[in-house]
Amino acid sequence: MLTRPGARPAPRARPVPALRPKAAASAAASAAALAAAIAAALALAAGGARAASPEAASPLKACRVDGVSTEVLCGQVSRPLDPARPDGVRIDIRYVVVPALARNKLPDPVLLLAGGPGQSAIALTASVMPRLSRLNYRRDLVFIDQRGTGRSAPLSCPDNSDRSLDELLKPGAKVRLLEQCRDALQRLPHGDLRFYTTTIAMQDMDAVRAALGVERWNLIGASYGTRAALEYQRQFPDRVRRAVIDGVAPPDMVLPVSFSQDAQRALDLSFAACAQAADCQARYPALKAEWQALLKGMPRKVAFTHPLTGRPEEVTLTREGLLGLVRPPLYAPQVAAALPAAIHEASLGRFDALAGLAGQLSGGSRAMRIFEGMHFSVICAEDAPRIAASTEAPSPDFGTLDRDLYARVCASWPRGAVEPAFYALPPARHPVLITSGGSDPATPERHGQRVQAALGAQARHVVVPNAGHGVVLALPCMRDVLFRFIDAPRDADALAVDASCALKLPRPPAFLPPTPATLAAAASAARESDR
């Protein structure tokens with residue numbers, strides 16, 4: 001997910017003493033095939049920085065990952081924090097391999113590149129595995145914690161979710177907390193924040209590929225993971241067989257700037273959907289006017305129930321805070337369907353529904369945690385230097401809030417070097433499937449269209465009009481498209497895969513809370529059916 005960072009504890013991969021005899025034989029064979037040339041290395045359990053040593057990778061070992069019922073394989077490679085100083089501080093890049101189920105497995109694994117920037121790929125293993133089960137029958141799945149996330153030299157900020165809402169929503173609070181976090185991260189052995197760029201991280205990914213003895217693999221990138229996939233194939237085009245990029249955040253997209261127009265469009269689509277539905281329009285005929293009145297009425301004192309502690313609180317809600325409550329539901333149309341009701345409730349002074357929707361996508365999930373230090377190390381290096389030169393106009397509602405926040409934070413954040421070639425997209429040498437949600441508030445189809453034009457004849461773009469942020473792993477029929485695209489033996493067959501199943505997907509209807517009148521009508525209908 002491409003989003004502002006939050007803070008949740010990340011799951012850890014737990015080594016297991018031994019596999020059951022049958023599983024042990026299978027895993028040992030897989031490990032031998034994948035790691036025949038890997039030299040053993042003594043690794044730190046914490047996964048942070050360590051003293052300089054020769055380039056090394058550990059043998060794959062049986063382990064368990066939170067949420068996964070079966071044993072998987074875990075490994076790590078030692079990498080220099082600064083690629084120009086191979087004898088300097090080193091970090092361990094941790095990864096998980098889910099072995100293919102079939103004995104006659106195929107030689108091209110599937111690599112998942114996580115979003116954020118700042119998500120742990122290993123933390124996503126449990127939720128992604130079932131969605132890639134068909135691919136996993138004959139292909140290994142690989143999940144690598146990108147440097148700065150998970151257990152690969154993590155750059156995590158304190159979890160502030162239990163602080164009072166009033167404290168968190170005060171003007172400037174976010175910037176102050178991030179400045180404190182930045183200072184603490186820089187004291188870590190691996191705390192030189194200049195060396196967490198996408199370019200360096202993709203060199204880590206290729207080191208894992210080499211350690212596994214893989215000639216080529218298939219990439220699946222979602223949200224920021226699409227930028228990572230595009231950078232990997234720019235640096236290592238001959239190591240990619242197929243690539244799927246879902247919700248594209250290309251390198252030339254200035255994220256803090258584009259957020260404004262893209263979120264505005266998604267919100268306007270939500271208002272339009274309500275206006276076009278007779279029942280929603282009848283229930284909320286003045287929805288847009290209520291929304292504008294809410295914006296103009298900020299800041300104001302409002303009552304909230306804290307989503308984690310359950311304590312009632314009175315807070316001063318600012319315009320930025322209100323927009324921060326409305327944006328998250330837009331990522332998922334099924335959640336955004338309740339926005340009209342929540343906005344109407346807020347217009348009456350009741351904000352709990354809006355706050356509840358804002359927490360739906362994370363819901364306390366560890367997999368949704370964003371490692372904020374990595375997030376800002378990437379954005380401050382790759383996007384912030386281009387903010388001032390951007391000509392994209394701010395939207396009327398969201399304005400320059402994101403641009404202003406990132407400009408303030410990045411002004412004092414250590415900035416890694418990014419070469420001009422990073423922002424270029426050379427023509428693809430292999431098939432690339434690009435997917436976009438037409439209602440996506442972060443990475444809508446305008447960015448996918450630009451990438452398709454740059455990649456050329458080997459790229460195909462599928463737009464699902466009523467989908468949000470995430471298509472190929474979120475929609476069942478698109479998971480079938482994903483499988484057939486990667487599994488097709490010929491490139492031409494992959495590019496010709498039928499994706500029409502999702503094009504007519506309807507937008508979820510607006511949620512309309514029951515009223516005394518609708519409850520009475522339902523009761524009357526029930527009595528009639530019982531006669």
K.L.:
For the side chain of D82 and the backbone of A84, is there at least one donor-acceptor N/O pair under 3.5 Å apart?
P.N.:
yes
K.L.:
Can you measure from CZ (R450) to CG (L425) and round to the nearest 0.5 angstrom?
P.N.:
8.5 Å
K.L.:
Would you tell me whether E382 and T197 have side-chain atoms, one donor and one acceptor, within less than 3.5 Å of each other?
P.N.:
no
K.L.:
Go through the side-chain N and O atoms of S133 and N136 and say whether any donor and acceptor fall under 3.5 Å apart.
P.N.:
no
K.L.:
Could you tell me if T198 and Y224 have a donor-acceptor pair between their side chains, going purely by distance under 3.5 Å?
P.N.:
yes
K.L.:
Flag the pair K61 and E71 as a salt bridge only when some basic side-chain nitrogen lies within less than 4.0 angstrom of an acidic carboxylate oxygen.
P.N.:
no
K.L.:
Parallel, tilted or perpendicular: which one describes the rings of Y331 and H469, with boundaries at 30° and 60°?
P.N.:
perpendicular
K.L.:
Do we see a donor-acceptor contact under 3.5 Å between the side chains of D92 and S78?
P.N.:
no
K.L.:
Within the side chain of Q458, is there an N or O that forms a donor-acceptor pair under 3.5 Å with the backbone of V432?
P.N.:
no
K.L.:
Under 3.5 Å, is there a donor-acceptor pair between the H430 and Q233 side chains?
P.N.:
yes
K.L.:
Could you tell me whether the side chain of R460 and the main chain of L495 form a donor-acceptor pair under 3.5 Å?
P.N.:
yes
K.L.:
Can a donor-acceptor pair be found, under 3.5 Å and without considering hydrogens, that links the side chain of R227 to the backbone of M253?
P.N.:
yes
K.L.:
Between R241 (side chain only) and R216 (backbone N and O only), is there a donor and an acceptor less than 3.5 Å apart?
P.N.:
no
K.L.:
Going by an N to O cut-off under 4.0 Å, is there a salt bridge joining D491 and R242?
P.N.:
yes
K.L.:
Working to the nearest 0.5 Å, report the span between CG of L269 and OG of S439.
P.N.:
5.0 Å
K.L.:
Would you mind checking if R446 and D262 are paired as a salt bridge, meaning a charged N to carboxylate O distance below 4.0 Å?
P.N.:
yes
K.L.:
Could you tell me whether the side chain of R265 and the main chain of P441 form a donor-acceptor pair under 3.5 Å?
P.N.:
no
K.L.:
Do D206 and Y232 get their side chains close enough for a donor-acceptor pair, meaning under 3.5 Å?
P.N.:
yes
K.L.:
Quick one: does any side-chain atom of D402 pair with a main-chain N or O of F259 as donor and acceptor, under 3.5 Å?
P.N.:
no
K.L.:
With a 3.5 Å distance limit and no angle check, can you tell me whether R484 reaches the backbone of D498 through a side-chain donor-acceptor pair?
P.N.:
yes
K.L.:
Verify, without hydrogens or angle tests, whether R147 (side chain) and F195 (backbone) share a donor-acceptor contact under 3.5 angstrom.
P.N.:
yes
K.L.:
Check whether the side chains of S436 and H447 place a donor and an acceptor atom closer than 3.5 Å, and report yes or no.
P.N.:
no
K.L.:
Would you say OH of Y137 has more than 12 non-hydrogen atoms from neighbouring residues, nucleotides or ligands within 6.0 angstrom?
P.N.:
no
K.L.:
Under a 4.0 Å threshold between the charged nitrogen and the carboxylate oxygen, would R209 count as salt-bridged to E215?
P.N.:
no
K.L.:
If you round to the nearest 0.5 Å, how far is CH2 of W217 from CG of D140?
P.N.:
11.0 Å
